[in-house]
S.K.: 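Attaching a single structure in structure tokens format; questions to follow.
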Amino acid sequence: MSANRIQHKVNHVALVVDCSGSMQPHQSQLIRVVDEFVAGLKAESDSLGHETRISLYSFDHRVENLVWDMDVKHLPSMRGLYRVKNGATALIEASLKSLDDLGHIWEEYGEHSFLQIVVTDGEENASGGDRRHDGDMTILGPWLDRIAAKMGGLPDHWTSAILVPNSLAKRTAQNYGFPAGNIAIWDADSQKGVEDAIGTVRAAATSFLRGREQGVRGTKNLFAVGQDISVDEVRANLEPIPADKYRLLKVDKEVEIRPFVNSHPGVAYERGACYYQLGARAQVQQNKEVIVVEKDTDRAYTGDAARSLLFGSGIHGTVSVKAGNNPKLEVYVQSRSVNRKLKPNTRLLIML
């Protein structure tokens, strides 16, 4: 390769969305929030100087490509493209087809990364044939083998993730080969759930693009936050909290938040004044403030820009996230619950 050639970053994103009959209540909402997701990809790509290309798929018992590897700057609205149908759910077939299609992209020049995100509100019941009617589940066997082999053989610069409706579907997705850190649960029974789901996807895609700047081309921990930001970014974008305005308390065992706070001299539980350390997956609502703490110094930072720094700009609604592995920083989330269970080996930040 020529020493003078610019090795630019190219991101290929495939969004694979369920259009089976059960998605009918969410159709108009889904169109709007997917359009917002695409706008977020464009904004983040522009700020980083990346080229990002997007493919869109919909699936019931048939899999259809709606848009193929288009520059995200030129993608039209999902309106007129996405339509819910009265079909079953060929989840495995859709996942495989989008991965197989992306595999045809030529990677000789540029530094390419691939991100597939699947959104479904149900369980597999149609790959290789619609089993709602014939009751024959034996058809599924070869498809299970195919997706497990495909997922297990993905190169390191490929990331495959999925949003599912419940914990049972999460275990099934893990059996298919989706990494546990790339599976998130969304509320498929409410209109707000769709907006929250795409907010989660958008935050993950933002984290993915920023990670590319750190040399990360693929991840098995997509729905995590904080691993891709630096102390310098925090200091430059957020406001320091005076040291006499907060305290950090170590949590040694699982305990409810109010009695834990009240057991410490000099502080008393006050709703909204406590921030738990983000660890395992949590639902972070739109009205919850976040604080970032330097591990070495215990200096704390917050401000209007904190959520966008962690989750990406323009994200509305709830996001489902867990803490990424950042050796320098910790993320804290506001709690208004009197009985939240604090986890051992974490800390609680109290605003005084």
Side-chain angles (χ1 to χ4, degrees), residues 13-41 44 54-60 66 77-79 81-84 89 91 94-95 98 115-124 159-174 176 178-209 219 221-225 280-288 307-308 310-322 333:
V13 179
L15 187 60
V16 187
V17 184
D18 193 338
C19 69
S20 60
S22 56
M23 293 290 286
Q24 184 64 51
H26 308 311
Q27 176 170 294
S28 60
Q29 179 81 347
L30 188 69
I31 290 169
R32 183 180 69 81
V33 294
V34 168
D35 285 352
E36 290 182 3
F37 166 68
V38 171
L41 277 180
E44 199 67 35
I54 189 165
S55 299
L56 297 175
Y57 291 81
S58 66
F59 67 95
D60 55 353
L66 306 176
S77 170
M78 279 278 279
R79 195 169 306 281
L81 292 174
Y82 176 81
R83 181 171 58 87
V84 172
T89 308
L91 174 60
S95 302
S98 53
L115 172 61
Q116 175 207 53
I117 303 177
V118 183
V119 181
T120 183
D121 73 337
E123 296 271 353
E124 163 64 55
T159 299
S160 186
I162 188 169
L163 267 70
V164 294
N166 52 54
S167 56
L168 176 61
K170 178 174 181 177
R171 289 194 294 272
T172 302
Q174 284 183 260
Y176 293 165
F178 287 95
N182 289 357
I183 306 171
I185 296 174
W186 68 291
D187 178 8
D189 295 323
S190 71
Q191 290 287 338
K192 185 175 180 296
V194 178
E195 184 164 340
D196 293 346
I198 297 299
T200 297
V201 169
R202 184 165 171 177
T206 296
S207 178
F208 177 83
L209 295 180
T219 179
N221 207 24
L222 183 68
F223 296 117
V225 297
R281 186 164 306 284
Q283 304 291 322
V284 182
Q285 290 81 11
Q286 183 175 357
N287 62 346
K288 297 295 178 64
R307 285 182 66 98
S308 60
L310 289 167
F311 309 139
S313 59
I315 293 176
H316 307 292
T318 301
V319 292
S320 175
V321 294
K322 63 180 181 179
V333 178

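All values reported here derive from a predicted model rather than from experimental measurement. The figures here come from the full heavy-atom set of this structure, side chains too, leaving out hydrogens, waters and symmetry mates.
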S.K.: Measure across Glu123 and Thr172 and return the closest heavy-atom pair with its distance rounded to 0.1 Å.
M.R.: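 Residues Glu123 and Thr172, closest heavy atoms: OE1-OG1, 3.7 Å.
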
S.K.: When you check the side-chain N and O atoms of Asp18 and Ser20, is any donor under 3.5 Å from an acceptor?
M.R.: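 Per modelled atom types, Asp18 and Ser20 side chains form a pair under 3.5 Å.
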
S.K.: For Tyr82 and Ser58, which heavy atoms make the closest approach, and how far apart are they?
M.R.: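 The pair with the smallest heavy-atom distance is CD1-CB, 4.2 Å.
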
S.K.: Is it the case that the side chain of Ser207 and the backbone of Ala203 share a donor-acceptor pair, with hydrogens and angles ignored and the cut-off at 3.5 Å?
M.R.: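 No, Ser207 side chain to Ala203 backbone: no donor-acceptor pair under 3.5 Å.
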
S.K.: Please report the shortest heavy-atom distance between Val164 and Ala169, naming the atom on each side.
M.R.: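 Scanning both residues, the minimum pair turns out to be CB-CB, 3.7 Å.
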
S.K.: Supply the atom-to-atom distance Thr89 OG1 to Phe59 CZ, rounded to the nearest 0.5 angstrom.
M.R.: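 Reported value, rounded in 0.5 Å steps: 6.5 Å.
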
S.K.: Which pair of non-hydrogen atoms, one from Ser98 and one from Gln116, has the smallest distance, and what is that distance?
M.R.: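 In this case the closest contact between Ser98 and Gln116 is OG-NE2, 2.7 Å.
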
S.K.: If only atom types and distance count, is the side chain of His26 paired as donor or acceptor with the main-chain N or O of Asp189 below 3.5 Å?
M.R.: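 No; judged by distance alone, with no hydrogens or angles, the pair does not exist.
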
S.K.: Tell me the closest heavy-atom pair linking Ser22 and Asp121, and the distance in Å.
M.R.: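 So the two residues come closest at OG-OD2, 2.7 Å.
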
S.K.: Of the options Val33, Val38, Asp35, Leu15, which is the one that meets Met78 in a side chain to side chain contact (heavy atoms under 4.5 Å, CB included)?
M.R.: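 Answer after filtering Val33, Val38, Asp35, Leu15: Asp35.
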
S.K.: Does the side chain of Gln174 come within less than 4.5 Å of Ile183's, by heavy atoms?
M.R.: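 Yes, close enough: below the 4.5 Å cut-off.
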
S.K.: Identify the heavy atoms of Ser95 and Val118 that sit nearest to each other, and give their distance.
M.R.: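 Heavy-atom minimum between the residues: OG-CG2, 3.8 Å.
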
